[in-house]
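Please read the structure below before turning to the comments.
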Amino acid sequence: MNSTKTYRSRISGTGSYLPEKVLTNHDLEKMVDTSHEWIMERTGIYARHIAADGEVTSDLSLKASQRALEAAGLTAQDVDMILVATASPDQPMPNTACILQHKLGARTCMSLDISAACSGFVYGLVVADQFVRTGAYKHVLVVGAEVLHPYVNYKERDTCILFGDAAGAVVLSRAEEDQDSEIYSFFLQGDGAIGDLFVLPAGGSALPFSKEVLENGQHYVRMKGREIFKHAVRTMSECCHEVLRAHNMPPSEVSWVIPHQANVRIIEAVAKHFGISMDKVVVEIEDMGNTSAATVVVALDKAVRDGRIQRGQNLLLTAFGAGITSGAILMRY
Ligand code: UT7
């Protein structure tokens with residue numbers, strides 16, 4: 001490895017996978033006191049996908065990864081590092097990246113989970129870029145995957161309407177000399193002072209599983225929705241501002257914004273802040289809901305596959321999540 005030369009990163013392939021089972025607003029109307037109209041108006045969500053019994057995060061990751069590798073024209077043997085961004089790993093140990101490495105039939109490579117909740121994929125892509133940039137690795141598989149439904153209380157209407165299961169993956173590769181793709185700038189932050197806005201209380205050393213935990217429902221996600229909403233708009237706007245400023249690019253030169261898909265009103269507020277029209281924003285929330293670390297990468301894959309996103313375009317990725325974590329990446333696709 002040449003220690004002085006640096007390289008540019010290029011997304012060489014994308015893939016995604018949504019489980020077959022679908023839970024619609026009309027299904028939820030039968031489970032909690034809510035309505036299709038309320039959910040559509042307040043969130044923009046109509047349906048969420050729910051993993052089948054026994055279908056775990058590494059399974060969803062595997063399908064998305066195989067599609068990304070195929071799109072890149074690579075095989076699992078070409079992968080130099082695996083990053084899995086997830087808040088819902090198969091189990092605490094071993095990490096999901098190692099389980100995926102084995103299921104994929106990849107070489108015994110560096111395999112790491114990234115824990116940054118809904119910002120996890122954006123964090124992961126930045127980590128991958130550092131390894132490609134230095135020349136340490138040529139092809140890094142970056143996955144955002146969640147099976148969230150076990151952590152959702154389907155008796156609580158303010159959370160159960162939001163979340164779904166999904167996985168997306170990209171292969172981040174070293175760009176060839178004649179390819180002008182590049183990650184121009186990134187900005188990531190974590191603010192633990194407001195960490196209590198969105199928590200999964202039990203299952204860690206602070207509150208190990210017990211009969212009481214189950215009785216009190218502390219194994220389910222809890223959030224202060226209205227406050228998260230405010231901070232989501234603020235932090236994503238800040239992060240986008242920072243990456244644009246760092247590369248001296250006006251918002252008008254952004255071809256596509258690919259934001260975390262948590263609530264369509266959050267997305268609209270961020271776009272409005274930058275004067276970016278909604279037809280330059282990739283919105284895929286209606287059919288999948290909030291899939292945490294998977295939202296940005298699934299939206300990216302969908303827009304690549306249906307031809308919205310083209311080579312040479314400037315992409316602005318942004319996310320926020322529990323932590324509170326947030327981030328943005330400005331790149332040439
Ligand atoms: O990835 C990060 C994860 N979390 C988020 O991104 C959440 C961000 N926050 C949000 O998306 C929104 O705050 C929610 C969708 C969770 C809630 O929407 P809202 O417009 O902020 O509603 P609200 O919390 O201000 O509640 C308004 C009313 C309340 O009734 P009252 O107190 O005004 O009588 C709620 O009880 O709506 C009620 N409500 C519902 N009504 C029907 C809350 N959930 C529902 C529901 N159906 N599902």
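For ligands, and for the atoms within them, numbers begin at 1 and follow the listed sequence. We number each residue from 1, following the sequence as shown.
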Problem - Under the side-chain contact (heavy atoms from CB on, under 4.5 Å) test, residues paired with D80 that sit two or more places apart - result: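 Here the qualifying residues are R107, Y137, K138, H139.
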Exercise for the section: Please name all residues satisfying side-chain contact (heavy atoms from CB on, under 4.5 Å) with R308, sequence neighbours left out, ordered by chain then number. Expected result: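 R308 satisfies side-chain contact (heavy atoms from CB on, under 4.5 Å) with W256, V282, E284, K302, A303, D306 only.
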Practice task
Take every heavy atom of I39, measure it against each atom of ligand 1, and state whether any distance is under 4.0 Å.
Solution key: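 Not so, I39 does not reach ligand 1.
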Practice task
May I ask whether G321 places a heavy atom under 4.0 Å from ligand 1?
Solution key: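 No, that is not the case, since the closest heavy atom of the residue is not under 4.0 Å from the ligand.
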Starting from [atom], what is the nearest protein heavy atom, named by residue and atom, and what distance separates them?
atom: atom 1 (O) of ligand 1; result: N290 ND2, 2.9 Å
atom: atom 45 (C) of ligand 1; result: W38 CH2, 3.4 Å
atom: atom 21 (O) of ligand 1; result: R226 CG, 3.8 Å
atom: atom 15 (C) of ligand 1; result: T43 CG2, 3.6 Å
atom: atom 14 (C) of ligand 1; result: N263 ND2, 4.5 Å
atom: atom 29 (C) of ligand 1; result: R157 NH2, 4.8 Å

Element-labelled atoms of ligand 1 that are located less than 4.0 Å from some non-hydrogen atom of [X]:
X: F198; value: 2 (C), 3 (C)
X: G225; value: 8 (C), 9 (N), 13 (O)
X: M223; value: 4 (N), 7 (C), 16 (C)
X: R42; value: 19 (P), 20 (O), 22 (O), 27 (C)

Practice task
Evaluate the ring planes of H247 and Y184, with Trp represented by its six-membered ring, and classify them as parallel (under 30°), tilted (30 to 60°) or perpendicular (over 60°).
Solution key: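 Judged by the thresholds at 30° and 60°, the geometry between H247 and Y184 is parallel.
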Handout entry: Polar contact flag, side-chain donor to acceptor under 3.5 angstrom, D90-S58
Key =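 There is such a pair (donor and acceptor under 3.5 Å, judged by atom type) between the side chains of D90 and S58.
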Problem - Step-by-step side-chain contact (heavy atoms from CB on, under 4.5 Å) determination, F163 to T291 - result: CA-CA 6 Å; F163 299 103; T291 60; over 6 Å; no
Practice task
Run the numbers on D165 and E146 for side-chain contact (heavy atoms from CB on, under 4.5 Å), then give the verdict.
Solution key: CA-CA 5 Å; D165 304 335; E146 305 285 4; 5.5 Å; no
